[in-house]
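All values below were derived from every heavy atom in this structure, side-chain atoms included, with hydrogens, water molecules and symmetry-related copies excluded.
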Amino acid sequence: MGVTERRIRSPRPVPANSLAQLLLGLEAEFEVPAPFDEQTLEAAEQAVAQLQLPDQDATGIPFFTIDPPGATDLDQAMFLERHGDGYTVHYAIADVPAFVALGGQLDAVARQRGQTYYLPHRKITLHPPLISEDQGSLLPGKERPAFHWKISLDADGALGKVELNRARIRSRAQLDYASAQARLDSGEPDEQLELLAEIGAARLRQEQLRGGASLNLPDQEIEEAGEGYKLVSRTPLPLEGHNAQISLLTGIAAARIMLKAGVGILRTMPAPDDADQREFRTQTQLLGTPWDESLSYGQYLHALDVSDPKQLVIMHRAAALFRGADYQVINGQPEEELIQAALAAPYAHTTAPLRRLVDRFVLLTCNLLSTGQPLPAQLSSALEDLPGLMRSSSIAANRVNNAAVDLLEAYVLKTRVGEEFQAIVLKSAEQKEDGKIRPGVLQLADEPITGSFTGSAQPGTLVRVKLVQADPEVRKISFEIVASDS
């Protein structure tokens with residue numbers, strides 16, 4: 001779990017011309033990265049032409065990938081084994097450094113971008129598509145360079161020995177979550193999916209024992225509804241959570257390697273203060289699902305039913321409890337200052353180098369440390385620059401993403417002004433120092449939409465509201481309270 005993100009997924013291109021124009025307008029307004037210039041595209045072609053595959057051959061391992069349907073930027077592939085009473089996780093991560101040399105043209109452009117931007121109508125990639133969606137992607141049936149992690153777990157899923165090498169691999173299959181989950185649920189024998197569910201559940205228990213918590217927040221998706229559109233919630237499938245645990249495991253293993261050597265960069269997050277935790281406990285009581293003292297934070301959140309609107313609000317409030325996610329270069333700090341509090345462990349962003357800048361440098365660092373090689377000065381210097389680069393790109397990406405969510409929420413409601421809805425109050429209206437009233441914030445009970453409101457109501461209150469404004473041009477939704485239902 002990290003900083004809370006609101007993101008709307010569109011399974012297909014948004015067809016409405018007016019909506020498409022508004023979304024394109026966001027790109028200009030927020031100055032998202034421009035298309036790659038000819039020099040960068042030529043550098044990508046040259047990198048592919050000069051690629052040298054690693055000597056180590058892991059093509060005999062039957063790796064597979066599992067991603068959303070239609071994904072082409074495949075960062076990770078896995079193969080799972082039962083080993084005695086425990087497990088061995090083979091995890092292959094795309095070897096982006098094999099294409100992107102330190103100090104080169106591709107490196108400079110990637111540092112400017114920081115990450116892939118995901119917008120409802122398109123994505124703006126960190127690297128040229130020739131690399132991110134073709135030659136560097138772990139596509140099935142293709143021989144690819146990769147960082148091969150071999151991670152041992154005991155019978156309870158606790159982390160043991162970790163080995164890391166660069167190798168060439170060949171994924172055997174590209175799975176999607178829905179069909180894989182359906183196959184697993186049908187009882188049809190599939191050792192890899194069964195092991196993924198088993199190991200994922202064991203790692204989740206380890207997380208809870210540490211005092212951490214993974215949030216199972218639904219995605220928002222836009223769907224056509226008659227002549228208009230609607231937003232629907234899609235709760236992540238169990239296999240998505242299990243797959244996430246494999247990625248988190250690798251990030252924890254990477255952090256351990258770098259901490260032992262006293263060099264590297266971690267993803268950190270401070271623990272919530274006591275006052276915030278007391279407020280959260282009070283909110284759980286107001287919302288009708290109090291946090292039992294006998295349950296850990298992670299156990300409590302895992303037991304929530306996000307199909308219940310009030311429990312979904314609790315999950316969103318839990319996400320807001322953890323703030324201040326950042327990147328820190330290891331520089332002799334006590335380990336407790338380098339914890340990712342939501343995971344209750346040191347952790348590094350490691351498994352998405354096609355889509356996130358910092359992962360490439362973490363992989364390079366871990367591989368050199370694991371094989372007993374010194375870090376070149378150029379890499380050490382880059383580590384110092386990364387926190388600032390990642391902060392800047394995250395702020396930019398979050399701004400345009402949040403604006404896109406606000407726009408789409410207003411767009412789907414624009415024909416429904418005057419209608420009444422049931423809603424749950426997230427935040428009461430407040431009077432500011434200048435005497436002006438800051439509107440409250442609510443979430444609709446039956447649709448995954450938030451908006452401001454006028455009127456008086458306490459957090460956790462179920463209210464009846466009327467939609468008074470839904471303007472996609474200014475990306476604003478406003479309601480007024482009609483009656484209190486609780």
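- Side-chain atoms of Ser247 and Thr351 form a donor-acceptor pair, as typed in the model, at a separation below 3.5 Å.
- Side-chain atoms of Ser394 do not come within 3.5 Å of backbone N or O of Arg391 as any donor-acceptor pair.
- The closest side-chain heavy-atom distance from Gln328 to Pro387 is not below 4.5 Å.
- Checked against Arg355 for a side-chain contact (heavy atoms from CB on, under 4.5 Å), the options Val96, Asp73, Thr125, Leu126 give a single hit: Asp73.
- Here Ser171 contributes atom OG and Phe64 contributes atom CZ; the two are 9.0 Å apart, rounded to the nearest 0.5 Å.
- More than 12 heavy atoms of other residues, nucleotides or ligands lie within 6.0 Å of NZ in Lys123, so this atom counts as buried by the packing criterion.
- Around atom CD of Gln285, more than 12 heavy atoms belonging to other residues, nucleotides or ligands sit under 6.0 Å away.
- With a 6.0 Å radius and a threshold of 12 heavy atoms from other residues, nucleotides or ligands, Glu336 has its CD atom above the threshold.
- Between Asp107 and Arg360, at least one side-chain nitrogen of the basic residue sits less than 4.0 Å from a carboxylate oxygen of the acidic one, meeting the salt-bridge criterion.
- Shortest non-hydrogen contact noted between Val417 and Ala470 is CG2-N, 4.0 Å.
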> Run the side-chain contact (heavy atoms from CB on, under 4.5 Å) check on Leu266 and Gln333 step by step: do they pass?
Replying inline: CA-CA 12 Å; Leu266 301 182; Gln333 310 97 315; over 6 Å; no

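- Rounding to the nearest 0.5 Å places OG1 of Thr450 at 6.5 Å from CD1 of Ile477.
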> When you look at Gln105 and Thr40, which way does the side chain to side chain donor-acceptor pair (under 3.5 Å) test go after all the steps?
Replying inline: CA-CA 6 Å; Gln105 171 71 12; Thr40 304; 2.9 Å; yes

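- Annotation for Gln115 and Ser393: closest pair NE2-OG, 2.9 Å, computed over non-hydrogen atoms.
- Nearest heavy-atom pair across Ala344 and Gly212 is CB-N, 3.7 Å.
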> Stepwise, does the side-chain contact (heavy atoms from CB on, under 4.5 Å) test hold for Val412 with Ile449?
Replying inline: CA-CA 10 Å; Val412 299; Ile449 293 176; 3.9 Å; yes

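- In this pair, Trp291 and Tyr300 present their aromatic rings parallel. The plane angle is below 30°, not in the 30 to 60° band.
- Not a single donor-acceptor pair under 3.5 Å links the side chain of Arg475 to the backbone N or O of Ala410.
- Between the Thr268 side chain and the Ile339 main chain, no donor and acceptor come within less than 3.5 Å of each other.
- No side-chain heavy atom of Pro129 sits less than 4.5 Å from a side-chain heavy atom of Thr72.
- Within the 4.5 Å cutoff, no side-chain heavy atoms of Thr350 are placed close to those of Phe147.
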>> Pair Trp149, Leu363 - check side-chain contact (heavy atoms from CB on, under 4.5 Å), show working.
In response: CA-CA 10 Å; Trp149 295 78; Leu363 288 163; 3.7 Å; yes

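- Put simply, CG on Leu22 and NE2 on His121 are 10.5 Å apart, with the number rounded to the nearest 0.5 Å.
- No more than 12 heavy atoms of other residues, nucleotides or ligands shown are found within 6.0 angstrom of CZ on Arg399.
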> When you look at Tyr118 and Asn401, which way does the side-chain contact (heavy atoms from CB on, under 4.5 Å) test go after all the steps?
Replying inline: CA-CA 7 Å; Tyr118 289 92; Asn401 178 68; 5.9 Å; no

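- Put simply, the side chain of His127 does not reach to within 4.5 Å of the side chain of Phe99, judged on heavy atoms.
- Using a 4.5 Å cut-off on side-chain heavy atoms (C-beta onward), Val463 and Phe479 make no contact.
- Taking CD1 from Ile330 and CE from Met258, the interatomic distance works out to 5.5 Å, rounded to the nearest 0.5 Å.
- Not one N or O on the side chain of Gln135 forms a donor-acceptor pair closer than 3.5 Å with the backbone of Ala44.
- In this structure, Ile252 CD1 and Arg210 CZ are separated by 4.0 Å, a value rounded to the nearest 0.5 Å.
- Looking at every heavy atom in both residues, Ala404 comes nearest to Pro120 through CB-CD, 3.7 Å.
- You'll find the side chain of Leu138 stays beyond 4.5 Å of the side chain of Gln76, heavy atoms only.
- Looking only at atom types and distance, the side chain of His302 has no donor-acceptor partner in the side chain of Glu207 under 3.5 Å away.
- With salt bridges taken as basic N to acidic carboxylate O contacts below 4.0 Å, none links Asp95 and Arg144.
- Across Leu74 and Leu139, no two heavy atoms sit closer than the pair CD1-CD2, 3.8 Å.
- A distance-only check finds a donor-acceptor pair linking the side chain of Asp359 to the backbone of Ala352 [under 3.5 Å].
- One finds the CD atom of Glu420 at 9.0 Å from the CD atom of Glu480 (value rounded to the nearest 0.5 Å).
- Under the 3.5 Å distance criterion, the side-chain polar atoms of Gln181 are matched with a main-chain donor or acceptor of Leu239.
- Cation-pi check for Arg267 over Tyr327 is met; the charged atom lies under 6.0 angstrom from the ring centroid and within 45 degrees of its normal.
- Under the 3.5 Å distance criterion, the side-chain polar atoms of Gln469 are left unmatched by any main-chain donor or acceptor of Ser478.
- In this structure the side chain of Leu80 never reaches within 4.5 angstrom of the side chain of Glu198, judged on heavy atoms.
- Proximity of Pro472 to Lys414: side-chain heavy atoms (C-beta onward) are separated by under 4.5 Å at one or more points.
- Closest approach of Ser132 and Ser137 over heavy atoms only: O-CB, 3.7 Å.
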